[in-house]
J.: 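One structure is given below, represented as structure tokens, and several questions about it will come after.
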Amino acid sequence: MASTLASPVMRIATWNVNSLKARLPRVEEWLEYAQPDVLCMQETKLADEQFPVMPFSALGYEVAFHGEGRWNGVAIASRVGIEDVVAGFSPHPEPEPVEARLMSATCGGVRVASLYVPNGRSIPSEHYDRKLEWLARVAGWVKEHHQPTDALVLCGDFNIAPEDRDVYDPKKFVGATHVSPPEREALAELCRFGLIDGFRQLYEDPRLFTWWDYRAGDFHSGRGMRIDLMLLTEPLAKQITWALVDRNMRKGPKDRPPSDHAPLFLDLDL
DNA sequence: ATGGTAGCGCTGCTA
């Protein structure tokens, strides 16, 4: 309803909240001061009937959510409308159960997807194989339903560090997931379609991380990875005016604990 | 080399 009076800038954000139930106070706090128009969330860890619609509504956001309960779960909150919501890869039933890792909707004229790529755990493993299969399915889904000239943005926790400058110490990741050539090739496939890493387009520096392990004081020691990405088609990427990882959200007291991911947002001058 | 923490939910799994 705000769309007719909206400023020409659209602020789109992505945040792996690591349980929306546990993180709701921080998400509300962040919406109030960061004022994103669209927020894609991952790892909500909520069944659909548990989703806290009211707190978002009170802040002026409509929500669409796709959860399964204990694990995974993605959602989109928007104050510029949310239409044509699709949970998963297709509006049609899947032949077998599929984890809740993808949903898409049109918000203020932009097709927005919220993705939570499987972690992969280790190499080799069945989990890693499933990660690569899921990424291949994403590429197929992008090509089947979209054109490079569309206004499309994929937001989410990709669980891939695109380059060595996106991890704190490449030597520590030899043979590990998140940096392997097949995973990075899956990202490259999306880029060949015409998607652009919006944050990296603005900032060239290494160590611009979005995730830090909870353990061993990794955040305060600067041991992180840049694995939360926003991939935009060229017409949108050309409109980016600035972008930020809000590391303040990675800090917090025990009674209002942080996610292990910080929110990432960018502004589009549409 | 290992373990370190957090969330869910109650035992161990996932990250």
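Naming convention: chains lettered A, B, ... in sequence-line order (proteins, then strands); numbering from 1 in each chain. Only heavy atoms go into these numbers, but all of them, side chains included; no hydrogens, no water, no symmetry mates. Predicted model, so just to flag it, every value in this text is computed and none were measured.
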J.: Which of residues 163-182 of chain A sit near DNA chain B, with a heavy atom under 4.0 Å from it?
T.: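 Contacts with DNA chain B under 4.0 Å: none.
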J.: Sort and list the pairs that fulfil salt bridge (charged side-chain N to carboxylate O under 4.0 Å, His left out) and have at least one residue in residues 201-230 of chain A, not counting sequence neighbours.
T.: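 Sorted result for residues 201-230 of chain A: A/Arg165-A/Glu204, A/Asp166-A/Arg226, A/Asp197-A/Arg226, A/Asp213-A/Arg215, A/Asp218-A/Arg223.
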J.: With a 6.0 Å cut-off on ring centres, are A/Trp134 and A/Phe89 close enough?
T.: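 Yes, the ring centres sit under 6.0 Å apart.
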J.: Do A/Phe209 and A/Phe219 have ring centres separated by under 6.0 Å?
T.: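 No, they do not, as the ring centres are separated by 6.0 Å or more.
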J.: Take atom CG of A/Leu46 and atom P of B/dC8, then tell me their distance rounded to the nearest Å.
T.: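 These atoms are roughly 8 Å apart.
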J.: Looking at residues at least two apart in the chain, or sitting in another chain, which of them share a side-chain contact (heavy atoms from CB on, under 4.5 Å) with A/Val98?
T.: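 Here the qualifying residues are A/Glu94, A/Arg137.
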J.: Could you tell me whether A/Arg223 contacts a base, only the sugar-phosphate backbone, or nothing, with contacts defined as non-hydrogen atoms closer than 4.0 Å?
T.: nothing
J.: If the cut-off is 4.0 Å, is A/Ser19 near the phosphate of B/dC8, judged by side-chain N/O to OP1 or OP2?
T.: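 So the side-chain polar atoms of A/Ser19 do come within 4.0 Å of the phosphate oxygens OP1 or OP2 of B/dC8, strictly under.
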J.: Polar pairs (N or O, both sides) under 3.5 Å between protein and nucleotides 13-15 of chain B?
T.:
residue : atom : partner  : partner atom : Å
B/dT14  : OP1  : A/Arg121 : NH2          : 3.3
B/dT14  : OP2  : A/Arg121 : NH1          : 3.0
B/dT14  : OP2  : A/Arg121 : NH2          : 3.2
B/dT14  : O5'  : A/Arg121 : NH2          : 3.0
B/dA15  : OP2  : A/Arg121 : NE           : 3.1
B/dA15  : O3'  : A/Asn119 : ND2          : 3.4

J.: Can you pull the salt bridge (charged side-chain N to carboxylate O under 4.0 Å, His left out) pairs that have at least one residue in residues 237-266 of chain A, sequence neighbours excluded?
T.: A/Glu29-A/Arg256
J.: Not counting sequence neighbours, which residues clear side-chain contact (heavy atoms from CB on, under 4.5 Å) with A/Ala136? List them please.
T.: none
J.: To the nearest Å, give me how far apart CG (A/Leu24) and P (B/dG7) are.
T.: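 Those two atoms, CG and P, are 14 Å apart.
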J.: Between A/Lys21 (NZ) and B/dA6 (P), how many Å, whole number?
T.: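 Value for this atom pair: 18 Å.
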J.: Could you tell me how far B/dA1 sits from B/dT14 if I compare only their P atoms? Round to whole Å.
T.: 25 Å
J.: Between atom CG in A/Asp218 and atom C1' in B/dA6, what is the gap in whole Å?
T.: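 The answer, rounded to whole Å, is 13 Å.
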J.: What distance, rounded to whole Å, do you find between the two P atoms, one in B/dA6 and one in B/dT2?
T.: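 It comes out at 23 Å once rounded to the nearest Å.
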J.: Sorted by first residue and then second, give each ring pair (Phe, Tyr, Trp, His ring centres under 6.0 Å) pair with at least one member in residues 38-70 of chain A; sequence neighbours left out.
T.: A/Phe51-A/Phe56, A/Phe51-A/Phe65
J.: Do the side-chain N or O atoms of A/Arg23 get closer than 4.0 angstrom to the phosphate oxygens (OP1, OP2) of B/dA6?
T.: no
J.: Going by side-chain contact (heavy atoms from CB on, under 4.5 Å), name the residues that satisfy it together with A/Ser180, two or more places apart in sequence or in a different chain.
T.: A/Ile123, A/Tyr128, A/Pro182, A/Glu183
J.: Can you pull out every salt bridge (charged side-chain N to carboxylate O under 4.0 Å, His left out) where at least one residue sits in residues 99-112 of chain A? Sequence neighbours excluded, please.
T.: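 Those involving residues 99-112 of chain A are A/Glu99-A/Arg101.
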